[in-house]
Amino acid sequence: MNFEERFDWKLCFILCLFITISCVALYSAQQSPQYSENFMLKQLVWFGAGGVIIGIMLYFEPDFYKKISWPLYIAGLLILIGLVIAPASIAPIVKGQKSWFILPGFGSIQPSEFMKVFTILILANVVSNHHEKVRAVTIQSDFILLGKIVGLTALPLGLIMQQPDLGTALVFLAIMSGMILISGITWKIIIPLFGIVAGGGVGVIWLALSFPQLLDQYLGVKQYQLGRIYAWLNPQQYGSSEGFQLIRAMRSIGSGQMFGKGLGERELYLPEAHTDFIFSIIGEEYGFFGSCVVLLAFFMFIYRLTTIATRANNRFSTYMMVGLISMVAFHVFQNIGMSIQLLPITGIPLPYISYGGSSLLAFLIAIGLAFSVSYHHRTFMFGED
């Protein structure tokens with residue numbers, strides 16, 4: 001087949017739709033007096049750079065990404081370690097987090113965003129290799145596989161909590177959960193495991209409300225992070241501090257009503273409007289209808305990724321796609337959920353829509369992997385290649 005037949009035009013259309021939505025939303029966000037930068041133009045530059053990367057990634061088969069998964073994972077861990085020990089001159093603490101390197105002439109870069117993709121690759125590699133080597137599945141082999149998945153996720157997760165960046169850490173947990181669910185581990189292990197995790201989550205919230213000092217002492221959860229939980233449960237009480245953004249976000253979305261106020265007609269001031277709360281901008285200017293368009297675009301995207309995963313010719317590609325789906329789905333659910341008080345504010349962006357160089361580039365690399373799997377798909381008469 002030629003390029004036109006092999007290229008995934010449906011996925012390309014969805015990406016172009018994201019680019020359009022992002023540029024329109026950022027154009028509106030940057031009209032606020034709090035900003036002087038042209039975020040839309042910078043976002044287009046990142047999309048252009050990502051497009052070049054996708055074009056390069058397209059011509060490498062998924063097996064290539066499997067081969068380089070270990071070097072990428074180890075390099076990512078070393079960079080995260082370097083971030084922890086780096087001096088403030090190149091890794092400053094911003095809003096209580098040490099999550100960025102400052103590169104002269106280039107700007108800031110957030111290594112944890114790329115580590116998400118590297119972790120997906122290594123988990124897909126390890127799970128696929130495990131099933132190729134273990135033919136007789138037992139409870140013991142399932143526990144071994146579970147240990148591999150948890151261990152490989154725990155390493156970057158622990159380093160990210162040192163920053164500390166709770167929102168990004170939750171993304172790693174979502175990736176790990178998706179990989180566990182699809183790995184073939186028996187439900188006799190999965191159900192009790194997820195029950196324990198759910199109970200632990202409830203316990204953490206209870207401790208945050210009753211004994212916050214214990215979380216700070218033993219888990220390193222800072223007071224400002226606990227404030228997000230308090231503001232989530234009762235934003236009006238914390239309306240002048242941690243609950244300010246949530247209240248403004250909900251008012252922005254609610255004021256848009258059915259069809260919104262129109263492009264550039266935004267009236268409410270909202271901090272971080274171009275990054276974490278871009279969905280509130282869309283809700284205010286385009287209303288319920290515009291918000292539904294965004295949700296439909298993400299539904300189409302996740303559906304397309306799922307289709308690519310089910311059509312993949314090998315286990316590695318399938319597991320890799322599941323990891324990508326888990327990452328994107330959690331980002332969308334968490335970002336939109338925190339804008340409408342469904343979930344606590346964690347500060348993670350809306351994929352492909354929010355402004356941000358590292359985050360956007362990492363998500364474009366992720367979609368590049370999807371393009372590669374789709375482009376190199378082959379139909380065989382007797383199963384896998």
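The residues of the chain are indexed from 1 along the displayed sequence.
With hydrogens and angles disregarded, no donor-acceptor distance shorter than 3.5 Å links the side chain of Ser69 to the backbone of Ile122. When atom types are taken as modelled, the side chain of Ser128 and the backbone of Ala124 share a donor-acceptor pair closer than 3.5 angstrom. Side chain of Ser359 to main chain of Tyr355: no donor-acceptor pair is present (N/O by atom type, distance under 3.5 Å, no hydrogens or angles). Judged by distance alone, the side chain of Gln334 and the main-chain N or O of Pro344 form a donor-acceptor pair under 3.5 Å. Lys98 contributes a side-chain N or O that, together with a main-chain N or O of Ala86, makes up a donor-acceptor pair within less than 3.5 Å. Judged by distance alone, the side chain of Gln163 and the main-chain N or O of Val84 form no donor-acceptor pair under 3.5 Å. In terms of modelled atom types and a separation under 3.5 Å, the side chain of Trp100 and the main chain of Ala91 share no donor-acceptor contact. Side chain of Ser374 to main chain of Phe371: no donor-acceptor pair is present (N/O by atom type, distance under 3.5 Å, no hydrogens or angles). Looking only at distances, a side-chain donor or acceptor of Ser358 sits under 3.5 Å from a matching main-chain atom of Gln110. Remark: the backbone N or O of Asp165 is not paired with any side-chain donor or acceptor of Gln97 at under 3.5 angstrom.
The side-chain heavy atoms of Tyr319 and His131, taken from C-beta on, include a pair separated by under 4.5 Å. Using a 4.5 Å heavy-atom cutoff, the side chains of Ile149 and Val126 are not in contact. A 4.5 Å side-chain heavy-atom check between Ser372 and Leu58 finds every atom pair outside the cut-off. Side-chain atoms of Tyr286 and Ser28, non-hydrogen and from C-beta on, do get closer than 4.5 Å to each other. The shortest distance between side-chain heavy atoms of Asp276 and Met338 falls below 4.5 Å. Here the side chains of Ile54 and Leu15 are in contact, with some heavy-atom distance below 4.5 Å. Counting heavy atoms from C-beta on, the side chains of Phe330 and Ile348 come closer than 4.5 Å. No side-chain heavy atom of Asp8 sits less than 4.5 Å from a side-chain heavy atom of Cys12.
What you find for Ala169 and Met161 is that their closest heavy atoms are CB-SD, 3.6 Å. The shortest heavy-atom contact between Pro351 and His331 is CG-CB, 3.4 Å. Between Ala312 and Ser317, the closest heavy-atom pair is CB-CB, 3.6 Å. The two atoms that bring Thr275 and Ser354 nearest to each other are O-OG, 2.6 Å, heavy atoms only. A pairwise comparison of heavy atoms in Gly356 and Gln43 identifies N-OE1, 3.6 Å as the closest pair. Here the shortest heavy-atom pairing between Gln30 and Phe39 reads OE1-N, 2.8 Å.
Under the 4.5 Å side-chain heavy-atom criterion for grouping Ile, Leu, Val, Met, Phe, Trp and Tyr, Phe333 is connected to Val294 within one hydrophobic cluster. There is a path of hydrophobic side-chain contacts, each under 4.5 Å, that joins Leu342 to Leu295. Trp70 is connected to Leu77 through a chain of hydrophobic side-chain contacts under 4.5 Å among Ile, Leu, Val, Met, Phe, Trp and Tyr, so both are in one cluster. Residues Val202 and Leu193 do not share a hydrophobic cluster, clusters being chains of Ile/Leu/Val/Met/Phe/Trp/Tyr side chains in contact below 4.5 Å. By the criterion of side-chain heavy atoms lying less than 4.5 angstrom apart, applied directly or through intervening Ile, Leu, Val, Met, Phe, Trp or Tyr residues, Leu263 is grouped together with Ile282 in one hydrophobic cluster.
Within 6.0 Å of NZ on Lys261 lie more than 12 heavy atoms contributed by other residues, nucleotides or ligands. Taking a 6.0 Å sphere around CZ of Phe194, one finds it holds more than 12 heavy atoms contributed by other residues, nucleotides or ligands. Surrounding CD of Gln140 are at most 12 heavy atoms belonging to other residues, nucleotides or ligands under 6.0 Å away.
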Evaluate Met327 against Leu324 for side-chain contact (heavy atoms from CB on, under 4.5 Å), listing each step before the verdict. CA-CA 5 Å; Met327 179 179 68; Leu324 298 179; 4.3 Å; yes
How far apart are the C-alpha atoms of Phe363 and Val328, what are their side-chain angles, what is the distance that settles it, and do they pass the side-chain contact (heavy atoms from CB on, under 4.5 Å) test? CA-CA 8 Å; Phe363 275 111; Val328 172; 4.0 Å; yes
Please report the C-alpha distance between Tyr73 and Leu121 in whole Å, then the side-chain angles of each, then the deciding distance to 0.1 Å, and finally whether the side-chain contact (heavy atoms from CB on, under 4.5 Å) criterion is met. CA-CA 8 Å; Tyr73 178 78; Leu121 289 175; over 6 Å; no
Kindly indicate, with the supporting measurements, whether the criterion side-chain contact (heavy atoms from CB on, under 4.5 Å) is fulfilled by Phe277 and Arg248. CA-CA 10 Å; Phe277 290 93; Arg248 303 296 290 188; over 6 Å; no
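Between the CG atom in Asn313 and the NE2 atom in His376 there is a gap of 11.5 Å [rounded to 0.5 Å]. Atom OG1 of residue Thr153 and atom NZ of residue Lys148 lie 13.5 Å apart, to the nearest 0.5 angstrom.
A tilted orientation is assigned to the rings of Phe259 and Phe289, their planes being inclined by 30° to 60°. In this structure, Phe301 and Tyr352 have perpendicular ring planes: the angle between them is above 60°, well past the 30° mark. By the 30° and 60° cut-offs, the orientation of the rings of Phe7 relative to Trp9 is perpendicular.
A salt bridge does not link Lys188 with Asp142: every distance from a Lys NZ or Arg NE/NH1/NH2 to an Asp or Glu carboxylate oxygen is 4.0 Å or more.
Exactly one of Val322, Leu123, Leu157 qualifies for a side-chain contact (heavy atoms from CB on, under 4.5 Å) with Ile175. That residue is Leu123.
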